[in-house]
Amino acid sequence: MSQSPTIQFGYRRHSDQDRPATKAARHPVVVVGAGPVGLTLAIDLAQRGHAVVVLDDADRIGEGSRAICFSKRSLEVWDRLGVGERMVEKGVVWKVGKIFLKDDLVYQFDLLPEDGHKMPAFINLQQYYAEAFLVDRIRELPQVDLRWRNKVAGLEQRNDHVVLAIDTPDGRYHLKADFVIACDGARSALRGFVGAEFSGEVFEDQFLIADVKMTAAFPTERWFWFDPPFHAGQSALLHRQPDDVWRIDLQLGPDADPAVERLPQNVRPRIERMLGHANFDFEWISIYKFQCRRMQRFVHERVIFAGDSAHQVSPFGARGANSGLEDAENLAWKLSMILRGEAPMALLDSYEIERSAAADENIRASTRSTDFIAPHSAQERRMRQAVLRLARETEFAKRMVNGGRLSTPSVYDSPLSTPDADAWAAGPRPGAHMIDAPLASATGESVHLTEVRKPFDGFVLLQSGNGNHVETNACKSIRIGESASLRDPSGGFAKRYDVADGGAYLLRPDGYVAARFRKPTAAAVEAAIARATAQAGAMS
């Protein structure tokens with residue numbers, strides 16, 4: 001079996017370890033877990049000017065591919081944090097998925113049929129590369145202190161801070177933190193320390209992941225089979241990764257013995273039947289069950305949970321890592337404003353509201369996909385076969401084929417949003433994420449809307465150049481149109497935002513729409529910002 005590239009980090013003693021427990025060092029934010037979610041959150045807070053300590057009980061990256069599918073939304077987050085282009089350059093870009101019944105194509109989808117977006121619909125990139133690029137970015141940020149082989153062994157909540165007990169190769173020491181963010185994964189120790197548990201469903205069917213290294217001429221698409229000839233009665237998935245590595249998922253059923261099924265000598269015949277040859281090497285083999293579970297609450301006083309420590313979904317749909325990255329961005333700007341004294345602690349309530357609702361939606365979608373992939377009864381299996389056959393011809397059946405229901409940005413029914421007062425024919429509504437669009441500078445240089453917004457870490461007002469022009473100290477303003485410094489030569493911005501006759505969109509620091517106005521005024525914009533930052537009385 002070939003090995004995935006492993007990067008090992010040396011343990012380094014920190015001066016905090018020399019302090020007695022009674023005089024423990026205090027930090028604004030401690031992030032526990034140096035996976036994609038924890039590293040992303042730390043970078044985001046650092047770019048907003050905050051010091052962050054990141055603790056991880058391991059000291060290496062490269063234990064298998066794990067998550068590989070990263071969405072356009074995640075790439076836009078990473079692009080704002082300075083690593084998006086590197087992720088895309090290394091990753092395998094794709095947007096087309098195909099679903100087969102036996103050997104017959106029954107349905108295909110295009111996740112980004114229109115042009116004019118900086119980031120692609122999806123990339124496939126092994127998690128160890130994503131983590132390595134994030135660690136490289138952290139090395140450029142003096143605000144982040146990344147400590148390997150620092151394991152949280154205890155937690156105590158105080159009135160205005162948290163005390164952590166941390167085990168290291170040199171023994172135990174203590175830290176204080178204004179806030180602790182738990183990004184320590186599905187087996188989160190911090191979840192146990194606050195007395196919280198997961199609730200939800202663990203599905204009985206088991207699935208085999210085999211990452212194989214081979215040279216193949218398959219197109220860069222996501223291929224999913226129901227009842228393929230090489231794996232009768234079950235499902236299969238084939239996906240390309242960088243470095244000539246291919247992700248293969250095979251459904252095994254509930255009665256498979258995982259200890260036996262993961263042995264390379266037993267996996268190899270299955271893969272040979274699928275590929276029709278034996279010219280491949282294994283890079284990673286794993287067995288898993290679907291799990292759709294979440295914590296009841298994500299915020300426990302000053303300990304906040306994000307990513308897999310807060311919620312779990314099945315891997316079909318690529319909703320796990322991508323929803324965790326949405327957690328990180330949602331939390332970062334809110335925590336930043338609280339730390340600066342620009343918003344009350346009540347703003348954290350909206351993290352709970354927005355991201356727990358997103359977790360529920362991801363669990364619903366993932367559960368529907370799981371039920372479709374692994375029917376519970378013969379009757380459900382017959383229904384699935386009928387739907388798959390109808391999907392060749394009918395739109396309603398295509399919508400029922402859940403194997404292609406992939407991660408999309410969450411839409412929030414949020415108390416931070418100001419409801420529309422005007423009619424809109426298109427455009428992201430309050431609570432939805434901004435849409436990218438192709439623009440041009442005054443000199444004709446091509447640029448994307450996401451790039452124009454990227455330098456700003458606060459609220460931004462997107463204004464159509466032919467509408468009311470509003471200036472306020474409460475936010476930055478970006479004007480787009482013929483009379484502005486940014487042009488819309490293709491009309492893509494005007495069409496996607498329905499502002500051909502004027503209008504403005506107020507974007508939160510995470511790029512979500514807080515409000516939109518046909519005829520904006522400074523007073524209306526400032527009231528919407530007050531509401532979006534949970535200021536007292538603003539939502540009454």
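Side chains included, hydrogens not; waters and symmetry mates left out as well; all remaining heavy atoms used. The residues of the chain are indexed from 1 along the displayed sequence. These figures come from a predicted structure and were not determined experimentally.
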> Looking only at atom types and distance, does a side-chain atom of Asp510 sit under 3.5 Å from a main-chain N or O of Glu329, one as donor and one as acceptor?
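The answer is no, because no donor-acceptor pair under 3.5 Å joins these two groups.
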> Have a look at Pro120 and tell me which of Leu112, Leu111, Leu75 forms a side-chain contact (heavy atoms from CB on, under 4.5 Å) with it.
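Considering Leu112, Leu111, Leu75, a side-chain contact (heavy atoms from CB on, under 4.5 Å) with Pro120 is found only for Leu75.
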> Please confirm whether the ring centroid of Trp223 lies under 6.0 Å from the ring centroid of His239.
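No, the ring centres sit 6.0 Å or more apart.
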> Is a donor on one side and an acceptor on the other found under 3.5 Å between the side chain of Arg293 and the backbone of Phe198?
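Side chain of Arg293 to backbone of Phe198: no pair is present.
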> Is a side-chain N or O of Thr394 found less than 3.5 angstrom from the main chain of Leu390, in a donor-acceptor match?
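At least one qualifying donor-acceptor pair exists.
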> Could you pull out all residues at least two apart from Glu140 that satisfy salt bridge (charged side-chain N to carboxylate O under 4.0 Å, His left out)?
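Checked Glu140 against salt bridge (charged side-chain N to carboxylate O under 4.0 Å, His left out); matches are Arg137.
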> Under 3.5 Å, side chain of Asn362 to main-chain N/O of Ala358, donor-acceptor pair present?
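Judged by distance alone, yes, a pair lies under 3.5 Å.
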> Any side-chain donor-acceptor pair under 3.5 Å between Glu354 and Asn330?
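There is such a pair between these side chains.
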> Tell me whether Asp281 contacts the main-chain N or O of Lys213 through its side chain, where contact means a donor paired with an acceptor under 3.5 Å.
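Side chain of Asp281 to backbone of Lys213: no pair is present.
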> For Arg73 and Ser410, what are the C-alpha separation, side-chain angles and deciding distance, and is it a side-chain hydrogen bond (donor to acceptor under 3.5 Å, both in side chains)?
CA-CA 10 Å; Arg73 179 74 197 94; Ser410 302; over 6 Å; no
> Under a 4.0 Å N-O cut-off, is there an ion pair linking Asp371 with Arg368?
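A salt bridge is absent here (no side-chain N lies under 4.0 Å from a carboxylate O).
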> Measure from NZ or CZ of Lys476 to the centre of the six-membered ring of Phe456 and say whether it is under 6.0 Å with the direction within 45° of the ring axis.
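Not satisfied by the 6.0 Å and 45° rule.
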> Considering residues, nucleotides and ligands other than Glu89, do more than 12 of their heavy atoms fall under 6.0 Å from its CD?
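No, not enclosed.
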> Is it true that Trp333 and Tyr351 have ring centroids separated by less than 6.0 Å?
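Between Trp333 and Tyr351, the centre distance exceeds or equals 6.0 Å.
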> Do Glu114 and Arg496 sit within salt-bridge range, that is, some charged N less than 4.0 Å from a carboxylate O?
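Looking at Glu114 and Arg496, the cut-off is met.
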> Looking at Lys454 and Glu451, is there a salt bridge between them, counting it only when a charged N and a carboxylate O are closer than 4.0 Å?
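No, this pair does not count.
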> Indicate every side-chain donor-acceptor pair of residues 31-40 with a distance under 3.5 Å to a residue at least two apart or in another chain.
residue: Thr40; atom: OG1; partner: Pro36; partner atom: O; Å: 2.6
residue: Thr40; atom: OG1; partner: Trp78; partner atom: NE1; Å: 2.9

> If we ignore hydrogens and angles and just use 3.5 Å, is the side chain of Arg384 paired with the main-chain N or O of Ile373 as donor and acceptor?
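Yes, because the side chain of Arg384 sits within donor-acceptor range (under 3.5 Å) of the backbone of Ile373.
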> Tell me whether Asp104 is salt-bridged to Arg392, with the criterion being a basic N under 4.0 Å from an acidic carboxylate O.
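Between Arg392 and Asp104 there is a salt bridge, with a charged N closer than 4.0 Å to a carboxylate O.
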> Can Gln251 and Asp205 be counted as having a side-chain donor-acceptor contact under 3.5 angstrom?
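Indeed, the side chains of Gln251 and Asp205 share at least one donor-acceptor pair under 3.5 Å.
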> Are Phe224 and Phe100, when compared by the centres of their aromatic rings, separated by less than 6.0 Å?
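No, too far apart.
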> Rounded to the nearest 0.5 Å, how far does CG of Leu134 lie from CD1 of Ile43?
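It comes to 4.5 Å.
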> Is any NZ, NE, NH1 or NH2 atom of the basic residue among Lys118 and Glu85 found under 4.0 Å from an Asp or Glu carboxylate oxygen of the other?
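Yes, this pair counts.
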> If you draw a 6.0 Å radius around CG in Asp110, do more than 12 non-hydrogen atoms from other residues or ligands fall strictly inside?
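Yes, CG of Asp110 has more than 12 neighbouring heavy atoms, counting only those of other groups under 6.0 Å.
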> Counting only N and O atoms by type, is there a donor-acceptor contact under 3.5 Å from the side chain of Arg48 to the main-chain atoms of Met337?
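Here the side-chain-to-backbone pair does not exist.
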> Nearest 0.5 Å please: distance from the CD atom of Gln234 over to the CG atom of Asp249.
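One finds 13.0 Å between CD of Gln234 and CG of Asp249.
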> Ring centres under 6.0 Å, that's the criterion: do Phe207 and Tyr288 meet it?
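Yes.
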> Rounded to the nearest 0.5 Å, what separates atom CD1 in Ile304 from atom CG in Leu331?
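Output value for this atom pair is 5.0 Å.
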> Is there a side chain to side chain contact (heavy atoms under 4.5 Å, CB included) between Met87 and Phe70? Walk through the geometry before answering.
CA-CA 9 Å; Met87 299 281 189; Phe70 296 104; over 6 Å; no
> Can you tell me how far CG of Asp184 sits from OG of Ser309, rounded to the nearest 0.5 angstrom?
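CG of Asp184 is found 5.5 Å from OG of Ser309.
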> In this structure, is the centre-to-centre distance between the rings of Phe218 and Trp246 below 6.0 Å?
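Yes: the rings meet the under 6.0 Å criterion.
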> Show your reasoning for whether side chain to side chain contact (heavy atoms under 4.5 Å, CB included) applies to Trp225 and Ser235.
CA-CA 5 Å; Trp225 289 266; Ser235 66; over 6 Å; no
> Heavy-atom count around Gln8 CD within 6.0 Å, excluding the residue itself: above 12?
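Atom CD in Gln8 is packed in, count exceeds 12.
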> Which is it for His277 and Met214 under the side chain to side chain contact (heavy atoms under 4.5 Å, CB included) test, yes or no, and what are the steps along the way?
CA-CA 11 Å; His277 64 79; Met214 65 177 179; 4.1 Å; yes
> Any side-chain to backbone donor/acceptor pair from Asn322 onto Ser71? Under 3.5 Å, distance only.
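It does hold such a pair.
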> Is the ring pair Tyr497/Tyr505 parallel, tilted or perpendicular, if the boundaries are 30 and 60 degrees?
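Ring orientation, 0 to 90° scale: perpendicular.
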> Looking at Asp498 and Arg516, is there a salt bridge between them, counting it only when a charged N and a carboxylate O are closer than 4.0 Å?
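The answer is no: the pair does not qualify as a salt bridge.
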> Can you find a pair of side-chain heavy atoms, one from Gln143 and one from His50, that are under 4.5 Å apart?
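No, every pair of side-chain atoms sits at 4.5 Å or beyond.
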> Has the side chain of Gln126 got a donor or acceptor atom that lies under 3.5 Å from a matching backbone atom of Pro242?
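Answer holds: yes.
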> Does Lys289, at its NZ atom, have more than 12 non-hydrogen atoms belonging to other residues, nucleotides or ligands within less than 6.0 Å?
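Enclosed.
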> Between Val92 and Leu125, does the side chain to side chain contact (heavy atoms under 4.5 Å, CB included) criterion hold? Intermediate values first, please.
CA-CA 7 Å; Val92 172; Leu125 181 70; over 6 Å; no
> Salt bridge or not for Glu76 and Arg80, using N-O below 4.0 Å?
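Salt bridge between Glu76 and Arg80, a charged N being under 4.0 Å from a carboxylate O: no.
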> Is Glu131 salt-bridged to Arg66, going by a charged N under 4.0 Å from an acidic O?
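Result for this pair is yes, salt bridge flagged.
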> Taking Thr367 for the side chain and Ile363 for the main chain, is one N or O donor matched with an acceptor at less than 3.5 Å?
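Pair found, side chain donor or acceptor close to backbone of Ile363.
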> In terms of side-chain heavy atoms, does Asp360 have a donor or acceptor partner in His311 at a distance below 3.5 Å?
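Side-chain D/A pair, Asp360 to His311: absent.
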> Please report the interatomic distance CG(Asn124) to OG1(Thr220), rounded to the nearest 0.5 Å.
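If we round to the nearest 0.5 Å, Asn124:CG and Thr220:OG1 are 9.0 Å apart.
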> Could you go step by step and tell me if Asp211 and Gln241 meet the side-chain hydrogen bond (donor to acceptor under 3.5 Å, both in side chains) rule?
CA-CA 9 Å; Asp211 281 355; Gln241 304 175 59; 3.2 Å; yes
